[in-house]
Amino acid sequence: MLVLGIETSCDETATALYDSEQGLLAHEVYSQIELHAKYGGVVPELASRDHIRKLTPLIRQVCAKAKLALTDVEGIAYTAGPGLLGALLVGTTMGRTLAFTLDKPAIAVHHMEGHLLAPMLDPNPPEFPFVALLVSGGHTQLVQVDGIGKYTLLGESVDDAAGEAFDKTAKLLDLPYPGGPALAELAKKGNPDRFTFPRPMTNRPGLDFSFSGLKTFALYTRRENGDDEQTKADIAYAFEHAVVETLFIKCRRAMEETGFKTLVMAGGVSANQKLRERLDQLAKDKGYQVHYPQNEFCTDNAAMIAYAGCQRLMAGQHEGLGFGSKARWSLEDLSPI
């Protein structure tokens, strides 16, 4: 089954063509980083308008890249949530309209299910069941995955997501947008012995996270120690190390509690090299398998949406004529296949 995937949940406009037999045929991503950089963060209205401008050309590009016509498509998958409501509505409207026009089935895809299944695009994909760490700008969650749509939430952030904390801490260190990668790069110059940040919620039972306190800790550390570049680098190192260790501790705890032997990490923060190294060490020490998406599929993309949508469409699921988007949407609300 040939599926067109559409992703417009935040500040990337993306399209992809995925074939159930041949795999990923083509994908395109347009980032709005330059548009939002001067504001230090995503401006929802500007994001929505840019999706409108870029989506149609990107659909044409991905078809040309795959040397296929739009009429060859057998199903449409679009991100319907969670995310910025206005941005989501652009992709949802386009996806549902194309499906109606082409008389093809359409499926609304959960953005985080897309991330969760992104490692399935790898030549050596993980096998069910597994524990998934979903870590991005908007979400930090540990999920027990028994199959597609068979999700049990084990823990999540009670305040800022890890990616959001990265971006906010980068901003208070005067780093450019997007802050996460900039902070990780600055941390390479940091002195590992100068500052020690807390590991939030690791000294109590459970698998929930909290990262807003680390942001505040970084703010006061800077106020007390000055604004020189080395101090900023030392704060960046201590902050990144604290986040990585917190995620590591919770992942280890989740694996022990479930008894699973496979860990999947996905989402934008899954590209963080320090975090990958720490989880690789966990896997080596405990005999686990750990899987990550390819780097190009860590951040928002339509390849993961096309894949997730294809699985549901082939299972006979599809949307009716009505459509909508959801700014908030729990993974546990999804139906299994």
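None of these values were measured; they are calculated from a predicted model.
- The number of heavy-atom neighbours closer than 6.0 Å to CD of Glu127, taken from other residues, nucleotides and ligands shown, is 12 or below.
- Between Val109 and Ala308, the closest heavy-atom pair is CG1-CB, 3.9 Å.
- Distance alone, capped at 3.5 Å, places no donor-acceptor pair between the His318 side chain and the Ala106 backbone.
- One hydrophobic cluster, built from ILVMFWY side chains closer than 4.5 Å, holds both Phe239 and Leu247.
- Applying the ring pair (Phe, Tyr, Trp, His ring centres under 6.0 Å) definition to pairs two or more places apart or across chains, those involving residues 280-313 are Tyr18-Tyr307, His27-Phe297.
- Taking NZ of Lys326 as the start and OG1 of Thr92 as the end, the distance is 11.0 Å to the nearest 0.5 Å.
- Legend: residues meeting side chain to side chain donor-acceptor pair (under 3.5 Å) with Asp146, ordered by chain and number and at least two apart, are Gln144.
- Grouped by direct or indirect side-chain proximity (heavy atoms under 4.5 Å, Ile/Leu/Val/Met/Phe/Trp/Tyr only), Met201 sits with Val158.
- A cation-pi arrangement, defined by a distance under 6.0 Å to the six-membered ring centre and an angle within 45 degrees of its axis, is absent between Arg96 and Phe323.
- Glu74 contributes a side-chain N or O that, together with a main-chain N or O of Leu2, makes up a donor-acceptor pair within less than 3.5 Å.
- In the hydrophobic clustering of this structure, Leu153 does not group with Leu133; members are Ile, Leu, Val, Met, Phe, Trp, Tyr whose side-chain heavy atoms approach within less than 4.5 Å, directly or through other members.
- Side-chain N/O atoms of Ser212 and Asp159 include a donor and acceptor closer than 3.5 Å.
- With values rounded to the nearest 0.5 angstrom, Thr169 atom OG1 is found 9.0 Å from Leu219 atom CG.
- The closest side-chain heavy-atom distance from Thr13 to Gln32 is below 4.5 Å.
- With hydrogens and angles disregarded, no donor-acceptor distance shorter than 3.5 Å links the side chain of Gln289 to the backbone of Thr262.
- Of all non-hydrogen atoms in Gln317 and Pro336, the two that sit nearest each other are NE2-O, 3.4 Å.
- Placement of Leu263 and Val143 in two distinct hydrophobic clusters is found when ILVMFWY residues are connected by side-chain heavy-atom separations under 4.5 Å, directly or transitively.
- One finds the CZ atom of Phe197 at 6.0 Å from the CZ atom of Phe217 (value rounded to the nearest 0.5 Å).
- Between Phe130 and Phe260, a ring centre-to-centre spacing not shorter than 6.0 Å is recorded.
- Within the structure, every pair that satisfies the ring pair (Phe, Tyr, Trp, His ring centres under 6.0 Å) test and touches residues 86-116, not counting sequence neighbours, is listed here: His110-Trp329, His111-His115.
- Rounding to the nearest 0.5 angstrom, the gap separating the CZ atom in Phe211 from the CZ atom in Phe209 is 6.0 Å.
- Put simply, NE2 on His241 and CG on Leu275 are 12.0 Å apart, with the number rounded to the nearest 0.5 Å.
- Grouped by direct or indirect side-chain proximity (heavy atoms under 4.5 Å, Ile/Leu/Val/Met/Phe/Trp/Tyr only), Tyr220 sits alone.
- Around atom NZ of Lys65, more than 12 heavy atoms belonging to other residues, nucleotides or ligands sit under 6.0 Å away.
- Residues meeting the salt bridge (charged side-chain N to carboxylate O under 4.0 Å, His left out) test with Lys104, sequence neighbours left out: none.
- In this structure, the side chains of Pro123 and Gln294 come closer than 4.5 Å at one or more pairs of heavy atoms.
- Residues Ala182 and Pro176 come closest through the heavy atom pair CB-O, 4.0 Å.
- Between the side chain of Ser20 and the main chain of Met1, a donor-acceptor pair closer than 3.5 Å is present.
- Across every non-hydrogen atom of Ser9 and Pro82, the tightest pair is CB-O, 4.0 Å.
- Counting only heavy atoms from C-beta outward, the side chains of Val145 and Val131 never approach each other to under 4.5 Å.
- The side chain to side chain donor-acceptor pair (under 3.5 Å) analysis of residues 172-192, with sequence neighbours excluded, yields the pairs Asp11-Tyr177, Asp174-Arg222, Asp174-Lys232, Glu185-Lys188.
- The heavy-atom pair separating Gly91 from Thr8 by the smallest distance is N-OG1, 3.1 Å.
- Side-chain contact between Pro178 and His36 is absent, with no heavy-atom pair separated by less than 4.5 Å.
- Applying the side-chain contact (heavy atoms from CB on, under 4.5 Å) rule to Arg49 yields the partners Glu45, Arg53; only residues at least two apart in sequence or on another chain are considered.
- Note on Leu68 and Leu70: same hydrophobic cluster, where clusters join Ile, Leu, Val, Met, Phe, Trp and Tyr whose side-chain heavy atoms are under 4.5 Å apart, directly or indirectly.
- Looking only at distances, a side-chain donor or acceptor of Lys250 sits under 3.5 Å from a matching main-chain atom of Asp208.
- Every residue two or more places apart in sequence or in another chain that forms a side chain to side chain donor-acceptor pair (under 3.5 Å) with Glu113 is listed here: Tyr151, Arg312.
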Would Met94 and Thr56 satisfy side-chain contact (heavy atoms from CB on, under 4.5 Å), going step by step from the backbone distance to the final call?
CA-CA 9 Å; Met94 175 65 83; Thr56 297; 3.2 Å; yes

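- The hydrophobic cluster containing Leu58 also includes Tyr30, under a criterion of side-chain heavy atoms closer than 4.5 Å among ILVMFWY residues, counted directly or through chains of members.
- Panel note: side chain Asp167, backbone Gly180; a donor-acceptor pair is recorded below 3.5 Å.
- Follow the hydrophobic side-chain contacts under 4.5 Å out from Leu173 and you never reach Tyr237; the two are in separate clusters.
- A donor-acceptor pair under 3.5 Å is formed between the side chain of Asn301 and the backbone N or O of Thr299.
- At a threshold of 4.5 Å between non-hydrogen side-chain atoms, the residues Leu4 and Val62 count as touching.
- Partners of Asp72 under the salt bridge (charged side-chain N to carboxylate O under 4.0 Å, His left out) rule, at least two apart in sequence or in another chain, do not exist in this structure.
- Partners of Ala87 according to the side-chain contact (heavy atoms from CB on, under 4.5 Å) rule, which considers only residues two or more places apart in sequence or in another chain, are Ser48, His51, Leu84.
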I'd like to know whether His139 forms a side-chain contact (heavy atoms from CB on, under 4.5 Å) with Glu156, so could you lay out the CA-CA distance, the side-chain angles of the two residues, the decisive distance to 0.1 Å, and finally the verdict.
CA-CA 8 Å; His139 297 81; Glu156 62 183 338; over 6 Å; no

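- No donor-acceptor distance shorter than 3.5 angstrom exists from the side chain of Thr79 to the backbone of Gly81, with no hydrogens or angles considered.
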Show your working on salt bridge (charged side-chain N to carboxylate O under 4.0 Å, His left out) between Glu164 and Lys168 and close with a plain yes or no.
CA-CA 6 Å; Glu164 184 180 7; Lys168 289 180 177 179; 3.0 Å; yes

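- Interatomic distance, CG of Leu98 versus CD1 of Ile6, reported as 5.5 Å (0.5 Å rounding).
- Proximity of a side-chain donor or acceptor of Asp122 to a complementary backbone N or O of Pro125 within less than 3.5 Å is not detected.
- Side-chain atoms of Thr231 and Asn225 include no donor-acceptor pair closer than 3.5 Å.
- Taking 4.5 Å as the limit, every side-chain heavy atom of Met304 sits out of range of all side-chain heavy atoms of Leu117.
- Counting only heavy atoms from C-beta outward, the side chains of Leu186 and Ile235 never approach each other to under 4.5 Å.
- Counting heavy atoms from C-beta on, the side chains of Val243 and Leu214 come closer than 4.5 Å.
- What you find for Gly163 and Val269 is that their closest heavy atoms are CA-CG2, 3.6 Å.
- A donor-acceptor contact shorter than 3.5 Å links the side chain of Ser270 to the backbone of Gly267.
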